[in-house]
There are 2 protein chains.
Amino acid sequence: MLTKDEIIATMSAQGLRITDQRKTLATLFSENEGYLSPKDVYEYMGKKYSGLSFDTVYRNLRVMQDLGVLEQVSFEDGMKFKVSCNEHHHHHHMICLSCQKTLPISFCPMQMTDPTDQFQIVEHKFEIFGYCKDCQQKNGHTESKSDGGFRQTSSHTHSHGGY
Amino acid sequence: MLTKDEIIATMSAQGLRITDQRKTLATLFSENEGYLSPKDVYEYMGKKYSGLSFDTVYRNLRVMQDLGVLEQVSFEDGMKFKVSCNEHHHHHHMICLSCQKTLPISFCPMQMTDPTDQFQIVEHKFEIFGYCKDCQQKNGHTESKSDGGFRQTSSHTHSHGGY
DNA sequence: ATTCATGCAAATTGTTTGCATGCAA
DNA sequence: TTGCATGCAAACAATTTGCATGAAT
């Protein structure tokens, strides 16, 4: 993941001004491995900046995502942001359903071309959801399938069959 | 995919009333393999029902998704709905970036357990995006990576490397 | 006849935009 | 000092809710 300094350096290199808010944003995202909603960010920042406005949060999130220091992902309950990986090789993610931490995995199932040849493949998505070591211990998530946590999209989420 | 009659039968079996609008919804989704936004549905239905209101569309989409006859997926540009697959085995999807048609694929990359053993795996998502045969011919989508079509989430969408 | 579905209006929430002021460079 | 960043207000879009009426059972 990008560090705070890498984030700031990138923004500065692109001609953006390094305001105090943006420093705080860089810190927040570099120290938090999970996904954050605009509201999460607003509430966190609001503790430090009394007159904070939502539109500035949105603007900065947008700017940082355009710059590539943040990644934007749409979840069922809206858009969320996380700091970009700086790994330059192709990789996928394991996402914790409890703390939303994401771990990169280098395994990619997409080595083959489409066996049916029906499709011109452009891109793919492969994500694993579960509970990370920390959250397994903290919350005793040993039952699995507890529906409490959020989850990305509902596509074929209904459990037909094992994994 | 579920047929119109299967959709209606399911709704009826659950005690829902089969109104004319709901019949039309069943027809619309059973005859359309792609994802539809609430607005898409509203506009289509509006042609037939002059006084149609948006909230009824939302209510029916919600009801049908709760019943399991529709699947709801969050895209970058909002929620979309498609008729459920009635295939009961575990499977994944290839989604056309042009017409949004979805084809089931039986290949599942998730046969192995987590090699790093860091994660208690609960579920996973594997989706392939591209252009189906029809759209390749119609639109000459041979270049690939044209950014015109919609695309689900932006997670590791930035193209670093091949597949 | 009962109960649920619908339309209407309004409320809520999420997000964007225009403009004047303030601050980083 | 100059232009971008911010706060404020307002616009806009997506979605939900309360209530009275109408239709399916």
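So you know, we letter chains A, B, ... as the sequences are listed, proteins then strands, and number each from 1.
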Between N60(A) (CG) and dA24(C) (C1'), how many Å, whole number? 14 Å
Rounded to whole Å, CD of Q21(A) lies from P of dA5(D) at a distance of 12 Å
R17(A), nearest nucleotide to its side chain (from dT2(D), dT6(D), dT6(C)): dT2(D)
When you check the phosphate oxygens OP1 and OP2 of dT16(C), does a side-chain N or O of Y58(A) lie under 4.0 Å from one of them? no
Listed nucleotide nearest any side-chain atom of I18(B), set dC8(C), dT25(D), dT15(D): dT25(D)
I'd like to know if D66(B) and R62(B) make a salt bridge, using a cut-off of under 4.0 Å between side-chain N and carboxylate O. no
Describe the nucleic acid contact of R59(B) in one word from base, sugar-phosphate, nothing, applying a heavy-atom distance below 4.0 Å. base
To the nearest 0.5 Å, tell me how far T24(B) OG1 sits from K4(B) NZ. 7.5 Å
Rounding to a whole Å, what distance do you find between M64(A):CE and dC4(D):P? 19 Å
Distance, rounded to the nearest Å, where K23(B) contributes NZ and dA23(D) contributes C1': 12 Å
Rounded to the nearest 0.5 Å, the CG atom of L2(B) sits from the OG1 atom of T10(B) at a distance of 6.5 Å
How long is the line joining CZ of R62(A) and P of dA5(D), in whole Å? 14 Å
Test item: side-chain donor near acceptor, Y49(B) and D20(B), under 3.5 Å: yes
Contact nearer the 5' end of DNA chain D, comparing D20(B) with F54(B): F54(B)
Within the pair S53(A) and dG7(D), is there a side-chain N or O less than 4.0 Å away from OP1 or OP2? yes
With both distances kept under 3.5 Å, what pairs with dA25(C), Watson-Crick or G-U wobble? dT1(D)
Can you say whether the rings of F126(A) and F126(B) are parallel (under 30°), tilted (30 to 60°) or perpendicular (over 60°)? perpendicular
Nucleotide dT15(C), atom C1' - distance to CG of L61(A) in whole Å: 11 Å
Protein-nucleotide distance (R22(A), atom CZ; dC4(D), atom C1'), rounded to Å: 8 Å
Compare the minimum distances between each of dA9(C), dT15(C), dA5(D) and the side chain of T19(A), then state the nucleotide with the smallest one. dA5(D)
Send over the distance from K80(A) NZ to dT15(C) P, rounded to a whole Å. 11 Å
Between L16(A) and G78(B), just flag the one whose closest nucleotide in DNA chain D comes earlier from the 5' side. L16(A)
Ignoring hydrogens and angles, are the base of dA9(D) and the side chain of D55(A) linked by a donor-acceptor pair under 3.5 Å? yes
